[in-house]
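Here the structure is laid out as structure tokens; the discussion comes afterwards.
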Amino acid sequence: MPMMPCNKSMGAMYANGVNGYQKDLCKAFRLPLKAAELGLPSAHSNVSEAYYDGEGVMENAKKGRYHLEQAAIGGNEKARHNLGVEEAGVGNMSRAMKHFMIAARAGYKFSLDAVRDGCHDGYATRDEYGRALRSYKVFLDETKSEQRDRAAAALRLQQLDDGNTNVLVTLR
């Protein structure tokens with residue numbers, strides 16, 4: 001199992017032609033596919049995108065959907081959100097809101113925004129949005145730590161030192 005993230009990362013290097021790797025979309029597809037076969041949810045998500053976009057493999061919406069579902073089942077909140085987007089695209093707003101609520105509870109901000117918009121448009125109730133918002137906040141509180149806050153502040157300072165003037169630093 002330790003090779004899964006390595007396969008996924010190497011796939012990205014081949015896809016972008018970085019770190020001394022020649023750009024090779026076929027190899028960029030095969031490596032995350034192997035990681036997906038071993039059960040890595042984020043690899044399923046990458047394979048899904050490749051099938052939808054036809055990068056390194058022929059376009060195949062059915063296989064793309066399968067891998068998107070596998071990623072969502074494995075806990076990938078972006079994949080869960082994307083399932084909601086697909087369902088909304090074909091008019092299944094009830095199913096779309098369910099996907100968005102699950103992803104929002106897992107801390108995915110775009111899904112929380114989709115539930116808010118669905119509430120505004122009548123596809124979700126205020127109570128459902130309230131539950132999603134509370135769950136989202138609980139998730140954020142659980143992932144907060146003093147060590148993470150210090151690391152984020154250090155990163156912002158590093159970005160300033162590197163000349164990135166688009167960074168706003170907020171230190172307490």
Side-chain angles (χ1 to χ4, degrees), residues 1-125 127-136 138-140 142-143:
M1 288 266 195
M3 290 298 291
M4 294 184 312
C6 180
N7 283 347
K8 181 178 167 278
S9 299
M10 286 184 67
M13 287 187 256
Y14 278 111
N16 299 310
V18 296
N19 295 341
Y21 291 88
Q22 291 285 67
K23 188 170 185 168
D24 182 342
L25 293 180
C26 289
K27 193 173 273 191
F29 173 76
R30 285 193 313 267
L31 290 169
L33 179 61
K34 180 66 176 168
E37 289 168 355
L38 294 171
L40 186 66
S42 59
H44 276 291
S45 182
N46 290 350
V47 169
S48 171
E49 288 178 27
Y51 274 122
Y52 279 124
D53 298 339
E55 290 186 9
V57 66
M58 291 193 55
E59 276 187 44
N60 187 326
K62 187 175 179 180
K63 287 184 179 181
R65 174 71 183 218
Y66 168 79
H67 284 282
L68 190 61
E69 289 172 348
Q70 293 304 304
I73 289 167
N76 186 297
E77 58 275 351
K78 181 180 178 186
R80 179 67 66 179
H81 174 83
N82 288 341
L83 283 173
V85 170
E86 281 194 6
E87 293 293 346
V90 295
N92 295 336
M93 295 309 293
S94 175
R95 287 188 70 165
M97 286 297 120
K98 288 177 184 176
H99 286 299
F100 292 143
M101 284 186 254
I102 292 168
R105 280 181 286 206
Y108 200 66
K109 175 76 166 93
F110 293 117
S111 287
L112 181 64
D113 295 342
V115 175
R116 180 199 61 218
D117 295 344
C119 179
H120 181 265
D121 296 337
Y123 298 116
T125 65
D127 185 52
E128 289 171 325
Y129 175 60
R131 282 196 311 264
L133 183 59
R134 285 188 296 279
S135 296
Y136 177 80
V138 165
F139 176 85
L140 290 182
E142 288 175 351
T143 59

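Keep in mind it's a predicted model, so treat the numbers as computed, not measured. The first residue of the sequence shown is numbered 1, and numbering continues consecutively from there.
- Across all their heavy atoms, A124 and M97 have their closest contact at CB-SD, 4.0 Å.
- The number of heavy atoms from other shown groups lying within 6.0 Å of OH (Y52) is above 12.
- Judged by distance alone, with hydrogens and angles left aside, the side-chain atoms of R105 form a donor-acceptor pair with the main-chain N or O of M101 at under 3.5 Å.
- In terms of heavy atoms, S45 sits closest to A71 at N-CB, 3.6 Å.
- Among all heavy-atom pairs drawn from A35 and A43, the shortest one is CB-CB, 3.7 Å.
- V57 has its side chain out of reach of K63: every pair of non-hydrogen atoms, C-beta onward, lies at least 4.5 Å apart.
- For the atom pair CG of N82 and OH of Y108, the computed distance is 6.5 Å after rounding to the nearest 0.5 Å.
- Taken to the nearest 0.5 Å, the OH atom of Y136 stands 5.5 Å off from the NZ atom of K109.
- Distance check: I102 CD1 to S135 OG gives 11.5 Å after rounding to the nearest 0.5 Å.
- Summarising the geometry, atom CG belonging to N92 is positioned 11.5 Å from atom OH belonging to Y123; distances are rounded to the nearest 0.5 Å.
- The aromatic rings of H67 and Y51 sit parallel to each other, their planes meeting at less than 30°, with 60° as the upper class boundary.
- In terms of heavy-atom proximity, P32 sits nearest to N46 at CB-CB, 4.5 Å.
- In this structure the side chain of F100 never reaches within 4.5 angstrom of the side chain of D113, judged on heavy atoms.
- Contact between L68 and S48 at its shortest, heavy atoms only, is CB-OG, 3.4 Å.
- A salt bridge links E87 with R65: the distance from a Lys NZ or Arg NE/NH1/NH2 to an Asp or Glu carboxylate oxygen falls below 4.0 Å.
- Here the closest non-hydrogen pair linking H81 and S111 is ND1-OG, 2.7 Å.
- For the atom pair CG (L83) and NZ (K98), the distance works out to 14.0 Å, reported to the nearest 0.5 Å.
- Note: S42 OG to E77 CD = 10.5 Å, rounded to the nearest 0.5 Å.
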With side-chain contact (heavy atoms from CB on, under 4.5 Å) as the test, would you mind laying out the steps for M93 and D121 before giving the verdict?
CA-CA 11 Å; M93 295 309 293; D121 296 337; over 6 Å; no
